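Notes follow the structure.
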There are 2 protein chains.
Amino acid sequence: MARPKRQEERRSQLVAAAQRAIAAHGPDGARLNRVAEEAGLTSSAVLYYYPDIDELMFEANRAGMERFYEARVRMLEQLPDDPVARLLALAKSGLPSGPGDTEVRLLCELGGSAGRNPLMASLLTTLYDRQVGMYQVVLEQGAARGIFALAQPSLVIARNLVALEDAYGYRIIAGHPTIDHDGAYELIVASARLATGHDLTPSASS
Amino acid sequence: MARPKRQEERRSQLVAAAQRAIAAHGPDGARLNRVAEEAGLTSSAVLYYYPDIDELMFEANRAGMERFYEARVRMLEQLPDDPVARLLALAKSGLPSGPGDTEVRLLCELGGSAGRNPLMASLLTTLYDRQVGMYQVVLEQGAARGIFALAQPSLVIARNLVALEDAYGYRIIAGHPTIDHDGAYELIVASARLATGHDLTPSASS
DNA sequence: GAATTCTTTTCATCACGATTCAATAAATCG
DNA sequence: CGATTTATTGAATCGTGATGAAAAGAATTC
């Protein structure tokens, strides 16, 4: 009797468009027009789905973080039950592939705005703690099996490893001439070696 | 025969005002009006000194980084010639005092924009490398005197320590509930302990 | 105090982005 | 097809910020 609603589909398209716009122009430079252009619509159409533009922007950021985290969780689940392999995979998956990695670009943009946006600050803090939790599980698992000889509490090691990921993410996004994805990975692994007392060579897992 | 020029003084006042505005509203939210208000002037007066507003903003950012770095260098110089004390002081001075630390807030804001601003990216990369250099000097000094037993090349250790500083700066600015200045300091020192093979207790320097 | 140069404000203008609303297009069902 | 609901557009409006020009204000020298 009428045209069916398919708003959810459009809404997620708009969220994706907003994410691209933010990655391209920053959280404040992502004007309504840019989002609309990115989505192939007019600004009015965007407003039709998100009468409050801030709501769309927040959702774009929130969803971006969620997606980043969820992807890592899924990756971890698909891996064999090997602490060494898992630790290395975590380190690799936490780094941007290069300066053009839009997913991490988004996260970096948010980091700066956390200082003046309590909501963003809270989301980022949560994301950080969740990632720390992931590392902790792997570390504890390895320790329980006698594979890792943790030199520090797992919380300390995990916090430092996630911190390294974050920081090198910024360096890679900024295009550091000698710290690219692989270089940062090696640096993080080097730190993990000391903390776990393990070689962390892919094959020497047991 | 006429009123003397004292533009340099005003210009540096404006740079400081711009820094405060950026720390308060972000790199893109720092409108000309905000800067003027922060400086106690009108927007036109600001334009009188900086016809190109982007030039002021860039200078504010550049000067902010420079100042941050120079302050650390001076602090190091004033310290006794003790690698342990210097390393600890470095770690402490690289972290924001709290979420309200405007100097580090500024740096965090820039980190995000580096992805779309090559000039900022270049400045931040330089700042990072310079800080790494500072750490390297201290590490090598300690190693040469037999105080530190470096578990890795000094470049690797230094890069990781500066990275930790950066990342915890973001966490502190974001107001992480359990990672404040002191907490982050302990985490960084914990990592430095493993890398230097030294207790890093303030008194056990020799 | 008058002349001169530097500084600042006021005001007008311009461009751009957000927002609204009426009009139009599209999809579905009977 | 035509009624009905959903989706999208385009023009109009509004506010904000950047910018420029002219006028007013301030500091110095003679």
Side-chain angles (χ1 to χ4, degrees), chain A residues 1-62 106 109-110 112-113 116-117 119-120, chain B residues 1-61 106 109 112-113 116-117 119-120:
Chain A
M1 204 201 289
R3 183 176 180 170
K5 281 191 183 184
R6 271 210 310 261
Q7 301 205 338
E8 284 318 309
E9 188 183 338
R10 259 279 184 269
R11 282 170 80 94
S12 53
Q13 285 175 10
L14 288 179
V15 166
Q19 289 171 343
R20 288 194 299 273
I22 294 170
H25 306 108
D28 295 306
R31 312 268 164 231
L32 178 53
N33 288 330
R34 320 258 199 192
V35 176
E37 187 183 3
E38 201 71 54
L41 292 174
T42 56
S43 59
S44 300
V46 176
L47 262 343
Y48 176 70
Y49 293 95
Y50 285 92
D52 183 4
I53 192 65
D54 290 339
E55 200 176 312
L56 169 57
M57 292 307 175
F58 179 78
E59 179 56 20
N61 291 324
R62 194 202 57 73
L106 188 74
E109 294 284 3
L110 296 193
S113 69
R116 59 203 143 82
N117 190 338
L119 222 30
M120 280 305 140
Chain B
M1 205 198 289
R3 181 175 182 173
K5 281 191 183 183
R6 272 211 309 261
Q7 301 205 339
E8 284 317 309
E9 189 183 338
R10 260 275 183 270
R11 282 169 81 93
S12 53
Q13 284 175 11
L14 289 179
V15 166
Q19 288 172 345
R20 289 194 297 275
I22 294 171
H25 306 108
D28 295 306
R31 310 268 164 234
L32 179 53
N33 290 329
R34 320 261 197 189
V35 176
E37 187 183 3
E38 202 71 53
L41 293 173
T42 54
S43 60
S44 297
V46 177
L47 260 347
Y48 175 69
Y49 293 95
Y50 285 93
D52 182 3
I53 191 63
D54 290 339
E55 201 176 311
L56 170 57
M57 292 306 176
F58 179 77
E59 180 55 20
N61 291 324
L106 188 74
E109 293 283 4
S113 67
R116 60 203 140 82
N117 189 339
L119 224 29
M120 280 306 139

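Since the structure is predicted, the reported quantities are computational estimates derived from the model, not experimental observations. Every chain is numbered from 1, with letters handed out A, B, ... down the list of sequences.
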Q) On a plain distance test, is the side chain of A/R3 in donor-acceptor contact with the base of D/dT6 below 3.5 Å? A)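 By the distance-only test, yes, there is a pair.
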Atom-pair distance ([atom1] on [X]; [atom2] on [N]), nearest Å:
X	N	atom1	atom2	value
A/Y48	D/dA7	OH	P	4 Å
B/E37	D/dG17	CD	C1'	14 Å
B/Y49	C/dC6	OH	P	11 Å
B/L47	D/dA21	CG	C1'	12 Å
A/D54	C/dA18	CG	P	10 Å
B/M57	D/dG17	CE	C1'	12 Å

Q) Is there a donor-acceptor pair under 3.5 Å between the side chain of A/R20 and the backbone N or O of A/E38? A)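 Yes, A/R20 side chain to A/E38 backbone: donor-acceptor pair under 3.5 Å.
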Between the protein and nucleotides 10-17 of chain C, which nitrogen or oxygen pairs are less than 3.5 angstrom apart?
| from | atom 1 | to | atom 2 | distance (Å) |
| --- | --- | --- | --- | --- |
| C/dT10 | O4 | B/S44 | OG | 2.9 |

Q: Could you list by number each residue of residues 14-30 of chain A showing a heavy-atom separation from DNA chain C of less than 4.0 Å, or answer none if no residue does?
A: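 When residues 14-30 of chain A is checked for heavy atoms under 4.0 Å from DNA chain C, there are no hits whatsoever.
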Q.
Expected output is a numbered-order residue list: members of residues 6-13 of chain B with a heavy atom under 4.0 Å from any atom of DNA chain C. What is it?
A.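 The stretch gives B/R6, B/Q7, B/R10 as the residues lying under 4.0 Å from the strand, ordered by number.
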**Q.** Lys/Arg-Asp/Glu bridge criterion (N-O < 4.0 Å) met for A/R62, A/E59
**A.**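 Salt bridge present between A/R62 and A/E59.
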